[in-house]
Structures are given as C-alpha cells and as structure tokens.
Amino acid sequence: MSTEADMVDLVIANGILVTPDGMAPGAVAIDGGRILAIGTDDAMPQARRVIDAGGHHVIPGAIDVHVHFREPGFSHKETWASATAAAAIGGVTTVLDMPNTNPPTATAQAVTQKIALASSQALIDFGVYGYLGEDNIADLAPMARAGASAFKLYLGSDNPLVPCPNDGAVLDAMAEIAKLGLRLTVHAENTGILRWREARLRAAGRDDLEAHLEQHADIATVEAVSRIALFSEWTGCKVHIAHESCRHSLPLIADAKRRGVDLTAETCPHYLLLSTDDAERVGGNALRVKPPVRGAGHAGPLFDALSSGLIDMISTDHAPYLPDEKRQASIWRTAPGFPGVETSMRLMLTQVAQGRIGLPDYVRMACEAPARAFGLYPRKGSLLPGTDADIVLIDMAATSTIKAAELHSIGNVTPFEGMATTGAAVMTLVRGHVVMDAGRIVGEPGWGRPLAGRG
Ligand SMILES: [Zn+2]
C-alpha cells in the first residue's frame with residue numbers, strides 16, 4: 001500500500017520508449033522534474049498523475065543547437081516567448097541561441113542580460129552562445145563564467161554586429177576556448193570569396209536568386225570547413241560545423257574525424273529536403289538563406305551523411321523574418337533565413353514515415369548527438385534515470401500540412417508552406433512539467449531555465 005508520501009509526481013504509461021538503440025513498450029516515472037525510472041507499466045510506482053500515452057512513441061525532447069531567437073534587439077521578428085512556444089509545439093525542449101542580437105552577446109554582461117531576458121519568457125530550457133570576435137578574446141573566459149554554453153565564429157559574415165575576425169585572432173581565440181573546454185560553432189564560409197563575388201555580381205547588374213548561389217559558391221564553404229578543421233587540430237579547440245549545405249564538404253568532415261579532430265557537424269531540414277528546384281514554389285527570393293539551399297544533387301548525399309552519423313545532428317538555424325523582409329524584388333535586400341523549430345520534427349518524422357530513417361535514428365540525431373556534442377549528455381537528450389524529464393510524445397499517424405499562418409513565430413514565412421507531414425509531437429514536457437498538450441501551449445512563460453549561469 002502506498003501513501004501520498006510514497007507517490008511520485010507523474011507516470012507516463014502505455015507508451016513505446018524510443019532511444020538510439022531501439023524501441024520497446026514501456027513507461028516513465030518522473031519525480032521532482034527528473035526521470036526516476038523507466039520500465040514496464042506494471043513496474044511503475046504509484047503516481048499523483050498518470051498520463052496515458054495511448055500507445056504513442058515517447059522520446060527525449062529534441063535539442064536544437066542553432067537558433068536565432070532575436071532578443072534583445074529584434075523583437076519585431078521574434079521574442080523568447082513566441083520562439084519557445086514554437087519550440088514547445090515542435091517537440092523541442094532545449095535550444096542554444098546565437099549571439100547576433102543587438103547588443104551582440106560578446107561580453108559577460110551581455111550573456112548575463114540575455115539569460116535574464118530569456119529566463120523571464122522561456123517555456124523551454126536554453127543556452128546562449130558567446131560571440132568570438134577580434135576585439136573580445138579577453139571576454140571569452142568571463143563569458144564562459146557568466147554561463148555561455150558555447151561560442152560562435154562567423155567566418156563568412158557581412159553583419160557589422162558580428163564581423164568575421166582575421167585568422168590570427170581566430171587561432172588565438174581557439175587556443176583560449178580549448179582551455180575553457182567549450183565547443184566553437186562555426187559558420188564556415190570564406191569571407192573574401194563572398195565579398196569579392198558579391199561586388200562582381202552587383203557590378204554586372206545581377207540581382208537574382210542564382211546570383212546569391214554564385215556568390216556562395218561550393219568552394220567558399222569547402223575551404224572554410226577545411227581551414228577550421230586544421231585550426232581545430234592545431235589548437236585542440238572542439239569545433240562544430242553549422243548548417244552544412246554542401247556535399248563537397250563531406251569528405252573533409254570524414255577526413256577530419258578520421259584524423260581524430262574533435263569536430264561535429266549539423267545540417268538543417270531545408271538542406272535535406274529542398275533544392276533550387278523549389279525556388280518557384282516558395283516564391284523565388286524567399287528561398288534565400290546563408291549558406292544557400294543549393295542545386296539538386298546536394299540533398300541526397302547530405303541526407304545519407306546524416307543517416308550514417310557522419311553529420312552528427314539535425315538543427316534548424318531558426319531565423320525568422322517578417323514577410324516584408326522576405327518578399328523583396330532584390331535578392332541583395334531579401335532577408336536570409338526562415339523559422340525552423342516548430343516544423344523540424346514534423347518534417348523529419350515524415351522522413352521516418354517514408355522509411356528513409358528509423359525513429360531511433362531520429363532520436364540519435366535530434367536528441368542524443370546534440371547533447372553529447374555540447375556537454376549536456378545524459379542530463380538532456382536521454383531517457384535515463386536521474387536525468388531531466390524532458391520528454392515528447394509523438395503520434396506517428398498525425399497528418400497535416402505546414403501553414404505559415406499557423407506557426408507561432410512572429411516572422412513566419414516558411415519554405416515548407418503547403419508541405420504535407422506525417423508524424424508530430426502531441427505533448428511536450430520540460431523537467432516533468434507539461435508545456436504543450438495536443439498542439440496547445442499549457443506551460444507558463446518563465447518555466448524555461450538556462451543551462452548555466454544565473455536563473
Ligand atoms: Zn544561424
């Protein structure tokens with residue numbers, strides 16, 4: 001007989017538990033925000049609340065290590081409240097936010113301020129990136145102490161808020177980051193090539209989506225991936241290749257891993273599922289993103305690399321813009337990027353439904369691999385006893401169509417408009433607390449906590 005005091009907070013019963021190793025019918029017991037036990041339904045302790053998973057799959061919450069949630073500075077595009085609602089709907093329970101806000105996250109004070117701002121609004125847990133620039137190498141250690149989860153290097157930047165540092169500064173900074181033990185995520189493109197080509201294309205009067213692709217030539221990213229792998233090998237700084245878009249980078253990533261370089265890589269649904277053949281359908285220039293969605297012939301090899309684990313994980317590069325910013329006649333004035341946290345899981349589960357990957361593969365690339373790469377495993381990204389009860393129930397039979405108007409991001413223009421999906425998150429729990437139920441937000445802003453730092 002159990003008394004109230006013996007009871008645990010919650011049991012999720014009658015589910016199919018999914019880990020990278022496989023799937024099995026089972027249940028999860030949760031107490032104090034942590035997973036207490038996993039096992040069969042009849043092995044579960046008495047609980048104050050029982051959620052019947054109804055035979056749905058139970059997975060760890062997805063971790064998106066590449067998002068732009070826009071605050072401080074760009075609240076007209078997105079807020080921490082809108083973005084984390086979108087994430088919760090999309091089955092994402094932890095994000096790492098990029099530093100190209102205003103002010104940029106380039107000092108300990110800026111890290112502390114962003115953590116405080118996000119803590120007041122977030123529904124899900126989050127970490128923040130610190131920016132690596134020429135002028136703030138002395139700020140790297142203070143940023144880490146203030147709670148930065150990782151650092152971001154913009155090779156190939158034309159954003160004056162987060163300019164591309166010279167290679168000398170990059171090497172010094174990487175030596176410093178190696179000592180701090182954090183990972184450096186890199187936008188790997190060659191700034192010189194991008195600048196030169198943009199000037200040449202503009203001078204020739206080019207102003208179309210194809211010009212954007214010519215500017216961001218394959219070699220511009222292949223060279224930067226090669227250089228950053230070499231710098232990583234030389235300095236011992238752990239690196240992460242952001243938004244891999246190009247099949248020609250894959251042999252370099254494979255070679256670096258073979259040499260023992262601590263290098264991980266991500267790609268995004270738009271590189272896996274779209275090509276320039278989709279431009280007309282998505283409204284031409286609206287397909288603009290950096291690096292670009294390339295011609296047919298890249299998506300297949302990228303998908304294979306993600307399936308095999310050569311590309312470690314799926315992220316989104318969630319970067320919302322308003323319709324006016326996305327629908328410009330000039331490619332050079334068209335904002336690059338689109339939202340992703342709300343649609344990524346649906347898009348990838350659709351690939352599961354089509355038999356291209358297994359559900360355990362998805363859990364590896366969306367949950368476990370990002371947690372491992374960024375020092376969060378097993379606290380995040382697992383279903384192991386003792387870890388945070390960040391859990392998502394998914395319905396593999398749920399079919400729907402992606403519509404921008406139904407997304408929770410403020411800037412909601414999506415290249416996946418009208419795409420049919422199979423499989424979706426139907427419940428999201430963050431540290432044992434239900435924040436999304438049947439497509440509705442039921443959590444409270446401010447429930448989300450920083451991975452490190454004040455909060
Ligand atoms: Zn980005």
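In this text the structure is predicted, and so the values were computed from the model without any measurement. Side chains are part of it too, since the values below use all heavy atoms of this structure and drop only hydrogens, waters and symmetry mates. Remember, it's 1-based here, ligands and their atoms both numbered in the order they're listed.
Distances from the Zn ion (ligand 1) to the N/O/S atoms of His66 are shortest for NE2. Considering just the N/O/S atoms of Asp317, the one nearest the Zn ion (ligand 1) carries the name OD1.
The cationic atom of Arg70 (NZ for Lys, CZ for Arg) lies less than 6.0 Å from the six-membered ring centre of Tyr321 and within 45° of the ring axis.
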Start with the C-alpha distance between Asp437 and Arg440, add both sets of side-chain angles, then the distance that settles salt bridge (Lys or Arg N to Asp or Glu O under 4.0 Å), and finish with yes or no.
CA-CA 5 Å; Asp437 187 4; Arg440 286 179 34 251; 5.6 Å; no

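For the Zn ion (ligand 1), the N/O/S atoms of His68 include one lying under 2.8 Å.
Taking the charged nitrogens against the carboxylate oxygens, Glu189 and Lys290 have no contact shorter than 4.0 Å, which rules out a salt bridge.
Between His433 and Trp447, the two ring planes are tilted [angle within 30° to 60°].
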